[in-house]
Q: 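Next up is a structure, given as structure tokens.
Just so you know, these numbers use all the heavy atoms, side chains as well, and skip hydrogens, waters and symmetry mates. Only a predicted model underlies this, so the values are computations on that prediction, with no experimental measurement involved. Throughout, a chain's letter reflects where its sequence line sits, starting with A, and its residues are numbered from 1.
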Number of protein chains: 2
Amino acid sequence: MHHCATDQDGNAYASGCPTRQALDRIADKWTVLILGLLEGGPMRFNQLRREIEGISQKMLSQTLKSLERDGLVSRKVFATVPVTVEYAITPLGATLAETLVPLRVWAETHIAQVLESRAAYDRDESDAPARLDVA
Amino acid sequence: MHHCATDQDGNAYASGCPTRQALDRIADKWTVLILGLLEGGPMRFNQLRREIEGISQKMLSQTLKSLERDGLVSRKVFATVPVTVEYAITPLGATLAETLVPLRVWAETHIAQVLESRAAYDRDESDAPARLDVA
DNA sequence: CCGCATCCTTACCGATACTG
DNA sequence: CAGTATCGGTAAGGATGCGG
């Protein structure tokens with residue numbers, strides 16, 4: 001694996017490397033979810049809001065704006081009586097969304113193992129308290 | 001796309017859905033980078049620290065611990081004079097790391113377009129401050 | 001060498017209120 | 001309906017120092 005093309009000083013992941021930049025872009029609570037939804041077709045603001053449980057209006061607005069800024073999502077306004085705004089994924093955004101499909105598949109097939117491991121770890125922690133603290 | 005198996009109320013992404021849980025797991029600054037490095041073979045603590053530019057000792061320690069807790073990374077201690085600790089990716093972690101390869105590829109091939117779009121957006125912003133949208 | 005504990009500053013993000 | 005603006009609590013995370 002070659003990691004990072006802009007590697008200047010021997011580090012696999014320099015701070016300005018494309019992987020780091022892409023990660024900084026998508027590594028938040030909502031970006032991937034929004035991209036995943038828009039992959040299925042254009043949606044309106046409050047439609048997205050309803051679909052994504054727990055997102056605030058502020059974060060949805062903010063995330064959509066940054067996605068539009070980065071050319072991953074497009075925004076179209078319709079001058080209807082109460083104004084209508086439709087968000088759609090761009091071709092560029094679609095290429096990104098595609099790379100994230102395996103992640104969703106992994107989640108559905110492996111997340112149970114993760115949760116199980118986590119529970120086991122926590123159980124051992126409380127069984128052997130003398131190891132780290134208390135005592 | 002069917003999105004979420006645990007969808008109870010019509011939402012595509014319920015808060016307890018596997019995709020959300022997996023996202024919460026990897027959506028941080030460092031997890032994906034560490035997984036990517038360990039995919040190439042076991043590494044010691046300070047070795048990882050050197051490879052990942054900008055990570056603090058605290059975050060590396062913290063992230064490794066949570067990865068171990070979730071069964072994605074294993075930790076092995078060698079009782080050498082100054083103690084040696086080796087981290088390795090687990091089979092489960094490897095399945096996750098594999099799903100993230102397309103993301104790194106995407107980053108290297110498309111991040112330039114994103115940055116370009118971002119620059120164009122910011123340029124238009126300052127050119128036409130009174131403008132809201134394009135109808 | 002590995003990693004935990006503490007302090008402290010920042011930024012995230014939800015709640016609320018208000019505009020077009 | 002589709003946002004923006006502001007406030008404030010909280011948690012992420014860097015810096016430093018200590019311990020095994």
Side-chain angles (χ1 to χ4, degrees), chain A residues 15 20 23-34 37-38 42-69 73-88 121 125 128-135, chain B residues 15 20 23-34 37-38 42-69 73-88 121 125 128-135:
Chain A
S15 33
R20 291 282 283 268
L23 244 28
D24 286 347
R25 182 62 197 81
I26 68 156
D28 64 81
K29 248 172 127 58
W30 311 115
T31 292
V32 174
L33 297 177
I34 293 175
L37 281 174
L38 292 182
M43 282 196 184
R44 303 227 315 275
F45 187 87
N46 282 327
Q47 203 176 351
L48 284 164
R49 188 159 171 26
R50 278 188 301 271
E51 294 288 345
I52 304 175
E53 184 177 295
I55 195 171
S56 66
Q57 163 267 23
K58 177 183 180 176
M59 290 316 296
L60 178 55
S61 177
Q62 201 171 100
T63 308
L64 283 170
K65 192 165 186 174
S66 75
L67 283 170
E68 189 197 359
R69 184 167 96 109
V73 158
S74 66
R75 179 178 182 274
K76 187 167 184 189
V77 181
F78 297 91
T80 50
V81 189
V83 64
T84 300
V85 181
E86 199 176 77
Y87 291 91
Y121 185 98
E125 278 285 290
R131 268 211 311 183
L132 293 178
D133 44 13
V134 186
Chain B
S15 33
R20 291 282 284 266
L23 245 26
D24 286 347
R25 182 63 197 81
I26 68 155
D28 63 81
K29 250 174 127 57
W30 311 114
T31 293
V32 173
L33 297 177
I34 294 174
L37 281 175
L38 292 182
M43 281 197 185
R44 304 229 316 274
F45 187 86
N46 282 327
Q47 203 176 352
L48 284 164
R49 190 161 170 22
R50 278 189 301 271
E51 293 287 343
I52 303 175
E53 184 176 295
I55 195 170
S56 65
Q57 168 269 14
K58 178 183 181 178
M59 290 315 297
L60 179 56
S61 177
Q62 200 172 100
T63 308
L64 283 170
K65 190 167 188 175
S66 75
L67 283 169
E68 190 196 359
R69 183 167 97 110
V73 157
S74 65
R75 180 178 181 273
K76 187 168 185 189
V77 180
F78 297 91
T80 49
V81 189
V83 64
T84 300
V85 182
E86 199 176 76
Y87 291 91
Y121 185 98
E125 278 284 292
R131 199 208 318 206
L132 292 178
D133 45 38
V134 259

Q: Main chain of B:Lys76, side chain of B:Glu86: is a donor-acceptor contact present, judged purely on distance under 3.5 Å?
A: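 A pair under 3.5 Å: no.
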
Q: Measure from NZ on B:Lys29 to C1' on C:dC12 and round the result to the nearest Å.
A: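 The answer, rounded to whole Å, is 13 Å.
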
Q: Starting at atom CD of B:Glu86, determine the distance to atom P of C:dG3, rounded to an integer number of angstrom.
A: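 Checked: the CD to P distance equals 12 Å.
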
Q: Would you mind telling me which of D:dT4, C:dC2, D:dC1 lies closest to the side-chain atoms of A:Lys65?
A: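 Looking only at side-chain atoms, A:Lys65 lies closest to D:dT4.
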
Q: On DNA chain D, compare the nucleotides closest to B:Gln57 and B:Gln62; which residue's is nearer the 5' end?
A: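 Closer to the 5' end of DNA chain D: B:Gln62.
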
Q: Is there a side-chain polar atom (N or O) of B:Arg75 under 4.0 Å from OP1 or OP2 of C:dC2?
A: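 Checking C:dC2 against B:Arg75, no side-chain N or O comes under 4.0 Å of OP1 or OP2.
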
Q: Nearest whole Å is fine: how far is C:dC13 P from A:Leu33 CG?
A: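 Whole-Å distance recorded here is 12 Å.
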
Q: So which nucleotide from C:dC1, C:dG20, D:dG14 ends up closest to the side chain of A:Val83?
A: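 Of the options given, the side chain of A:Val83 lies nearest C:dG20.
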
Q: The side chain of A:Ser56 lies closest to which of these nucleotides: D:dG3, C:dG14, D:dC1?
A: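 That would be C:dG14.
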
Q: B:Asp24 and A:Lys29: which non-hydrogen atoms are nearest, and at how many Å?
A: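 So the two residues come closest at OD1-NZ, 4.0 Å.
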
Q: Return the 5'-most residue of the pair A:Ile55, B:Thr84 with respect to DNA chain C, ranking by each residue's nearest nucleotide.
A: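 Looking at DNA chain C, the more 5' nearest nucleotide goes with B:Thr84.
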
Q: What's the CG-P distance between A:Leu64 and D:dT4, to the nearest Å?
A: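 After rounding, the gap between these two atoms is 10 Å.
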
Q: Categorize B:Tyr87 for me: base, sugar-phosphate, or nothing, with a 4.0 angstrom heavy-atom threshold over every strand shown.
A: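 Sugar-phosphate: the residue B:Tyr87, judged by heavy atoms under 4.0 Å, touches backbone atoms but no base.
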
Q: Take atom CG of B:Asp28 and atom P of D:dA11, then tell me their distance rounded to the nearest Å.
A: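 After rounding, the reported distance stands at 17 Å.
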
Q: With no hydrogens and no angle check, is any side-chain donor or acceptor of B:Thr63 less than 3.5 Å from a backbone partner on B:Met59?
A: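 It does hold such a pair.
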
Q: Whole-Å distance between D:dA12 P and B:Leu60 CG?
A: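 Taking atom P of D:dA12 as the reference, CG of B:Leu60 is at 17 Å.
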
Q: Taking all heavy atoms of B:Val73 and all of B:Leu38, pick out the closest pair and write down the distance.
A: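 Reported closest heavy-atom pair: CG2-CD1, 3.6 Å.
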
Q: With a cut-off of less than 4.0 Å, is there a side-chain N or O of A:Ser61 near OP1 or OP2 of D:dT4?
A: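 A:Ser61 to D:dT4 OP1/OP2: side-chain N or O found under 4.0 Å.
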
Q: Is the phosphate of C:dC2, meaning OP1 or OP2, less than 4.0 Å from a side-chain N or O of B:Arg44?
A: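 Affirmative; the distance criterion is met.
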
Q: Just wondering, do A:Leu60 and A:Leu64 contact through their side chains at under 4.5 Å, heavy atoms?
A: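 Yes, side chains in contact.
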
Q: Which nucleotide in the set D:dA2, C:dG14, D:dG13 lies at the smallest distance from any side-chain heavy atom of B:Met59?
A: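 Nearest to the side-chain atoms of B:Met59, counting from C-beta on, is D:dG13.
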
Q: Taking the minimum atom-to-atom distance to the side chain of B:Trp30, which one of C:dC2, D:dA2, D:dG14 wins?
A: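 Output: D:dG14.
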
Q: What does A:Arg49 touch in the nucleic acid at a heavy-atom separation under 4.0 angstrom: a base, only the sugar-phosphate, or nothing?
A: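 Result for A:Arg49 = nothing.
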
Q: Measure from the side chain of B:Lys58, starting at C-beta and using heavy atoms only, and say which of C:dG14, D:dG13, D:dA2 lies closest.
A: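 Of the candidates, D:dG13 comes closest.
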
